[in-house]
Protein chains: 2
Amino acid sequence: MNAPHFSTKERILDAAEELFARNGFAGASLRELTAAAKVNLAAVNYHYGSKDNLVNEVFRRRLDELNSERLAALDDVLAQPAHTLEDLLAAFIRPALSLSIDKPGGATFVRVLARAYAEHNERLRKFLSDNYGQALKAFAAALGACLPHLDKEELYWRIDIIAGALTYAMADFGVIKRRASMSEQTYRERAAEHLIRFAAAGLRAE
Amino acid sequence: MNAPHFSTKERILDAAEELFARNGFAGASLRELTAAAKVNLAAVNYHYGSKDNLVNEVFRRRLDELNSERLAALDDVLAQPAHTLEDLLAAFIRPALSLSIDKPGGATFVRVLARAYAEHNERLRKFLSDNYGQALKAFAAALGACLPHLDKEELYWRIDIIAGALTYAMADFGVIKRRASMSEQTYRERAAEHLIRFAAAGLRAE
DNA sequence: CCGTGGTCCAAACGATCGTTTGAATCATAC
DNA sequence: GTATGATTCAAACGATCGTTTGGACCACGG
């Protein structure tokens with residue numbers, strides 16, 4: 001075997017994550033995917049049944065952890081009697097930042113996640129709703145308690161904008177390129193700081 | 001001929017816009033595209049040379065107009081000696097809103113535009129940079145003049161976030177669904193109002 | 001030692017992809 | 001009417017897609 005500590009199934013997930021981020025779900029073929037993973041072409045169908053289900057598993061591996069980390073961070077903040085808006089936003093943003101910085105392949109997955117937002121694929125949206133929906137609802141309730149001047153519709157509008165902006169920023173999208181002199185870690189930490197300040201100001205507006 | 005006022009070339013562009021928005025660039029095949037446009041399969045290659053070039057033309061048809069409208073709106077704002085941050089943001093956001101509401105197929109194109117952001121395709125990014133880059137630079141200069149307390153790096157960070165959030169909001173992305181009772185027009189007008197207030201607060205922060 | 005179940009492999013399947021071809025059809029000018 | 005150039009058409013091209021097949025390989029319990 002090539003890498004004794006990484007099974008065929010794991011190598012397929014890693015290669016899928018990389019290729020989905022680079023070429024999209026429809027644009028990544030199983031042939032270049034299995035070539036990158038150094039497994040046989042039939043291994044994807046053998047271990048995951050189909051390409052569609054492989055997409056699901058790529059998300060599940062990361063979203064389960066990200067979701068529980070966000071909810072745990074939210075619980076910690078809510079346990080503090082006098083928490084701030086910035087604390088809540090940090091609880092939402094920092095786990096994604098940690099995934100992006102600390103976990104191998106995490107930055108790649110965030111790009112895959114942004115692709116999933118851009119896809120109108122019904123199955124993918126259901127999958128995201130199942131995994132993200134509960135956490136998003138919990139955050140919306142906590143944010144709403146901090147912002148009594150906002151009605152529910154206004155609050156949801158703003159949370160929606162924040163979630164989109166976060167996904168873009170974390171995925172290194174957008175037109176402005178980061179300077180080559182700035183490290184990936186510094187770049188993402190500043191992104192989180194800016195996004196938290198920006199989002200807090202936007203939520204407090206009016 | 002089927003629709004005497006719409007040529008084959010135009011019907012291809014319309015069908016391409018719709019299918020690219022729904023299925024992405026790689027996910028939309030020329031066969032379903034030409035079937036939707038009610039033209040022969042070979043018509044795409046005859047009129048546009050290749051599928052890749054068809055993608056370019058779909059963008060060119062809309063971006064040329066959006067770009068000049070934004071720059072014209074920016075000029076109008078800059079002509080007023082005492083313009084506000086909200087005026088500048090409106091000059092950036094409202095032309096896209098107008099495209100989305102008033103122009104037939106405009107809402108569809110905004111979804112295509114969001115797909116282009118999600119694609120890391122080098123050719124597409126160059127095309128966007130060529131069309132959007134100059135306008136974005138002009139807006140950055142005007143915004144920077146309104147925000148002397150921000151250094152260049154901080155300003156570019158925040159503009160980047162705004163551009164991403166705008167694209168998401170206009171494309172009807174995000175998790176929160178709009179209520180069925182709210183019309184598409186009302187929905188998008190409120191999106192612009194919220195985004196302008198949100199972005200202004202974020203830019204002014206600290 | 002042989003059998004059994006899990007894994008991997010080369011090869012092929014039918015389907016669909018973007019593109020090309022060459023003739024049919026149309027509009028226009030002489 | 002006829003020649004000319006633009007456009008449309010059915011059909012096929014080679015390539016690539018996701019998936020399936022049937023046997024080879026390997027580890028392990030009998």
Side-chain angles (χ1 to χ4, degrees), chain A residues 1-61 112 115-116 119 121-124 127, chain B residues 1-61 112 115-116 119 121-124 127:
Chain A
M1 187 177 294
N2 238 330
H5 292 293
F6 296 103
S7 67
T8 296
K9 290 188 71 169
E10 286 169 341
R11 269 182 292 145
I12 289 175
L13 281 184
D14 288 341
E17 201 166 57
E18 177 64 34
L19 279 178
F20 290 161
R22 191 176 336 138
N23 302 329
F25 305 109
S29 76
L30 292 186
R31 277 169 178 81
E32 59 177 344
L33 195 159
T34 52
K38 293 179 180 170
V39 302
N40 186 267
L41 169 61
V44 169
N45 291 90
Y46 175 77
H47 285 287
Y48 294 102
S50 68
K51 182 184 179 182
D52 275 351
N53 190 61
L54 171 63
V55 174
N56 286 353
E57 295 304 319
V58 167
F59 280 99
R60 190 192 314 280
R61 175 171 66 156
V112 178
R115 283 209 182 256
E119 300 267 351
N121 185 298
E122 206 53 48
R123 179 178 44 79
L124 266 181
F127 196 95
Chain B
M1 191 176 292
N2 240 328
H5 291 292
F6 296 102
S7 67
T8 296
K9 291 188 70 169
E10 287 169 341
R11 270 182 292 143
I12 289 175
L13 281 184
D14 289 339
E17 200 166 57
E18 177 63 35
L19 280 178
F20 289 162
R22 190 173 339 135
N23 302 329
F25 305 109
S29 76
L30 292 187
R31 278 169 178 81
E32 59 177 346
L33 195 158
T34 52
K38 294 178 179 170
V39 302
N40 186 268
L41 170 61
V44 169
N45 288 284
Y46 175 75
H47 285 287
Y48 295 103
S50 68
K51 182 184 179 181
D52 275 351
N53 191 62
L54 171 62
V55 173
N56 286 352
E57 294 305 319
V58 167
F59 280 99
R60 190 191 315 278
R61 174 171 67 155
V112 178
R115 282 210 183 257
E119 299 269 351
N121 184 299
E122 205 53 50
R123 182 178 43 79
L124 266 182
F127 195 94

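Just so it is clear: chains get the letters A, B, ... in the order the sequence lines come, proteins before strands, and each one is counted from 1.
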Asks: Counting distance only, does the side-chain N/O of B:Arg11 pair as donor-acceptor with the main-chain N or O of B:Lys38 below 3.5 Å?
Replies: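 Checking the backbone N and O of B:Lys38 against the side chain of B:Arg11, a donor-acceptor pair under 3.5 Å is found.
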Asks: Please work out if B:Ala28 contacts a base, only the sugar-phosphate, or nothing of the nucleic acid, heavy-atom cut-off 4.0 Å.
Replies: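 Answer is sugar-phosphate: B:Ala28 comes under 4.0 Å of backbone atoms only.
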Asks: Taking the side chain from A:Glu57 and the backbone from A:Leu54, do they hold a donor-acceptor pair closer than 3.5 Å?
Replies: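 Side chain of A:Glu57 to backbone of A:Leu54, a donor-acceptor pair under 3.5 Å: no, none is there.
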Asks: Short question: side chain of B:Arg115, backbone of B:Phe25 - any donor-acceptor pair under 3.5 Å?
Replies: no
Asks: Check whether any side-chain N or O of B:Lys9 sits under 3.5 Å from a backbone N or O of B:Ala43 as a donor-acceptor pair, and report yes or no.
Replies: no
Asks: Using whole Å, report how far NE2 of B:His47 lies from P of C:dT19.
Replies: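 So the two atoms are 15 Å apart, to the nearest Å.
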Asks: Which is more 5' along DNA chain C, the nucleotide nearest B:Val44 or the one nearest A:Val39? Just name the residue.
Replies: A:Val39
Asks: Minimum heavy-atom separation for A:Arg61 to A:Asp14, with atom names?
Replies: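 A:Arg61 and A:Asp14 have their closest heavy atoms at NH1-OD1, 2.9 Å.
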Asks: Just how far, in rounded Å, is P of D:dT21 from CG of A:Leu41?
Replies: 14 Å
Asks: Rounded to whole angstrom units, what separation is found between the CG atom of A:Leu33 and the P atom of D:dG18?
Replies: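 Atom CG in A:Leu33 sits about 9 Å away from atom P in D:dG18.
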Asks: When we call it a touch if two heavy atoms are under 4.0 Å apart, what does A:Ala43 touch: a base, just sugar-phosphate, or nothing?
Replies: nothing
Asks: Any side-chain N or O of A:Thr8 less than 4.0 Å from the OP1 or OP2 oxygen of C:dT7?
Replies: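 Answer is no, no contact under 4.0 Å.
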Asks: Hey, which sits more toward the 5' end of DNA chain D by its nearest nucleotide, A:Asn40 or A:Ser29?
Replies: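 That would be A:Ser29.
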Asks: Return the value, rounded to whole Å, for the distance between atom CG of A:Asn45 and atom P of C:dA11.
Replies: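 After rounding, the reported distance stands at 18 Å.
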Asks: How many Å lie between CG on A:Leu30 and C1' on D:dT20, as a whole number?
Replies: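 In whole Å, D:dT20 C1' lies 13 Å from A:Leu30 CG.
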Asks: Between atom CD in B:Glu10 and atom P in D:dT7, what is the gap in whole Å?
Replies: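 These atoms are roughly 13 Å apart.
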Asks: Let me know the distance between CD1 of B:Ile12 and C1' of D:dT7, rounded to the nearest Å.
Replies: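 Rounding to the nearest Å, CD1 of B:Ile12 and C1' of D:dT7 are 11 Å apart.
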Asks: Of the candidate nucleotides C:dG18, C:dG6, D:dT19, which contains the atom at the shortest distance from the side chain of A:Tyr46?
Replies: C:dG6
Asks: Over how many whole Å does the gap from A:Arg31 atom CZ to D:dA15 atom C1' extend?
Replies: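 Atom-to-atom, A:Arg31 to D:dA15, this comes out as 10 Å.
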